[in-house]
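Down below is the structure, laid out as structure tokens.
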Amino acid sequence: MARLVKKFGGTSVGDIGRIRNVAGRIKKAYDEGHEIAVVVSAMAGTTNKLIDFCRDASSLHDAREYDTVVAAGEQITVGLLAICLQEIGVPARSFLGWQVAIKTSSIHGSARIEEIEGAALEQCFKENRVAVVAGFQGIGADGRLTTLGRGGSDTSAVALAAALKADRCDIYTDVDGVYTTDPRIVPLARKLDGITYEEMLEMASLGAKVLQTRSVALAMKYGVRVCVLSSFEDVPGTLVAGEDEIMEQEVVTGIAYTSGEAKVTMVSVKDRPGKVAQIFAPLAATNINVDMIVQNISGDGASTDVTFTVPEEDLKRAVQVMEANKESIRYDHLLFDDNVVKLSVIGVGMRSHAGVAQLMFDTLADKGINIDVISTSEIKISVLIQADYTELAVRALHTAYGLDADKA
Ligand code: ADP
Ligand code: ASP
Ligand code: MG
């Protein structure tokens, strides 16, 4: 007998037929004698609709009321899944976040789980019942309902698995595992048997939305073994675990991309000590996260251009901040562009292999794709390119790094 947390995403619970399918899967595991807590998302599309309602109601809506509205989607699916389970003879009950209780910070809209009280779920297991828990939501220190940011049900599931000391956390979704890159973009993407926490963390934070970044960070911190699987097919999925458990280690494991960034260039900045600090201090003070940075070397030694990226949704604010500080920073003018994509190759093997970056640069050059900004870490290389070239670049790199699946 094992203790398992199983999470089903939006497409997997998209209608009653699919919820019945999920119930059937849970019954199978329940009949094998396992203790099961299930985490569910809202039906696909519901959360988007609820967010639109809030935006329509007011462009400056109260974040606490936003959470009350957008958390509603998961309330529907937990109840429906519990009903479908009961219908096929599996004793089950639903739990909203506060009933568990999943305690979070009070940063409404992107709260962090701080503590989970497991007593109610332990009681459920004792009574031989399946616990069906609403993902994406919790309760803040202010006693108000909170949500965990888009894709947050993954994080609910992993946090629950850690709190309940579960043997495994199964994440069921609409693809049958983690692929070398998004299989919807690259038909030759290859399913991975396993991926290390570190690599998955980079893949998720660099754009692979198959797992929410925070869920991977939690899994790594608490050593939760995560399995990504299909809700619709009975095929082996992908294990996300520590380096000791993952045998398959290529130099490059995967390619991710995100269009969520925008590029700002400050033209002709006076080049002297302290200048960069002066540029980035006001951005930090307004809580704008700067990601990639490049400073050109000036020909005349007197002035230089500084380019950096910020989250796309912060571009307007970043430009305002830069313009407000134009006098003190002293630059000529600003250029900005949000039609850019950050493309990354990821792999723990990079630590011990040279030439990985060179292959990326050569491949992009061969396709005539210009690189705007580059940033690297121990296990990843990221470049900023024009968005129009995304698919071409991802496919070319996928082939260049030998990641293409063998055609059947
Ligand atoms: P769910 O609703 O089940 O949480 P998501 O839509 O959040 O599902 O995540 C699954 C999607 O992630 C897939 O449909 C796929 O298009 C996308 N995806 C992006 N990168 C990858 C990758 N490397 N491997 C698998 N899926 C990926
Ligand atoms: N329903 C939420 C969302 O769409 C949470 C999730 O699906 O993980 O973001
Ligand atoms: Mg998701």
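Whatever order the structure lists them in is the order used to number ligands and atoms, beginning at 1. This structure is a prediction, so every number in the text was calculated from the model and none was measured.
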Can you produce the list of protein nitrogen or oxygen atoms under 3.5 Å from a nitrogen or oxygen of ligand 1, alongside each distance?
residue: ligand 1; atom: 2 (O); partner: G10; partner atom: N; Å: 3.2
residue: ligand 1; atom: 3 (O); partner: T173; partner atom: OG1; Å: 2.6
residue: ligand 1; atom: 4 (O); partner: K7; partner atom: NZ; Å: 3.1
residue: ligand 1; atom: 6 (O); partner: K209; partner atom: NZ; Å: 3.2
residue: ligand 1; atom: 8 (O); partner: T173; partner atom: OG1; Å: 3.1
residue: ligand 1; atom: 14 (O); partner: D174; partner atom: OD1; Å: 2.9
residue: ligand 1; atom: 14 (O); partner: R184; partner atom: NE; Å: 2.9
residue: ligand 1; atom: 14 (O); partner: R184; partner atom: NH2; Å: 3.0
residue: ligand 1; atom: 16 (O); partner: D182; partner atom: OD1; Å: 2.9
residue: ligand 1; atom: 16 (O); partner: D182; partner atom: OD2; Å: 3.4
residue: ligand 1; atom: 16 (O); partner: R184; partner atom: NE; Å: 3.1
residue: ligand 1; atom: 23 (N); partner: Y179; partner atom: O; Å: 3.0
residue: ligand 1; atom: 24 (N); partner: Y179; partner atom: N; Å: 2.9

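The residues D174 and R18 are annotated as not salt-bridged, no charged nitrogen and carboxylate oxygen being separated by less than 4.0 angstrom. Salt-bridge formation is not detected for the pair D142/R144: no Lys NZ or Arg NE/NH1/NH2 atom is positioned less than 4.0 Å from an Asp or Glu carboxylate oxygen. K191 and E233 are not joined by a salt bridge, as no carboxylate oxygen comes within less than 4.0 angstrom of a charged side-chain nitrogen.
In this model, no donor atom of one side chain and acceptor atom of the other lie less than 3.5 Å apart for Q278 and N325. Donor-acceptor pairing under 3.5 Å is recorded for the side chains of T147 and D67. Side-chain polar atoms of S41 and S153 form a donor-acceptor pair below 3.5 angstrom.
Residue D338 is tested with E312, K263, E261 for a side-chain contact (heavy atoms from CB on, under 4.5 Å); the sole match is E312.
From I381, atom CD1 reaches atom CG of L359 across 9.0 Å, with rounding to the nearest 0.5 Å.
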Exercise for review: Let me see the working for E127 and R93 under salt bridge (charged side-chain N to carboxylate O under 4.0 Å, His left out), right down to the final yes or no.
Suggested key: CA-CA 11 Å; E127 293 164 2; R93 75 150 277 192; over 6 Å; no
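Using a heavy-atom distance under 4.0 Å as the criterion, the protein contacts of ligand 2 are S41, A42, T47, E74, F136, R150, G151, G152, S153.
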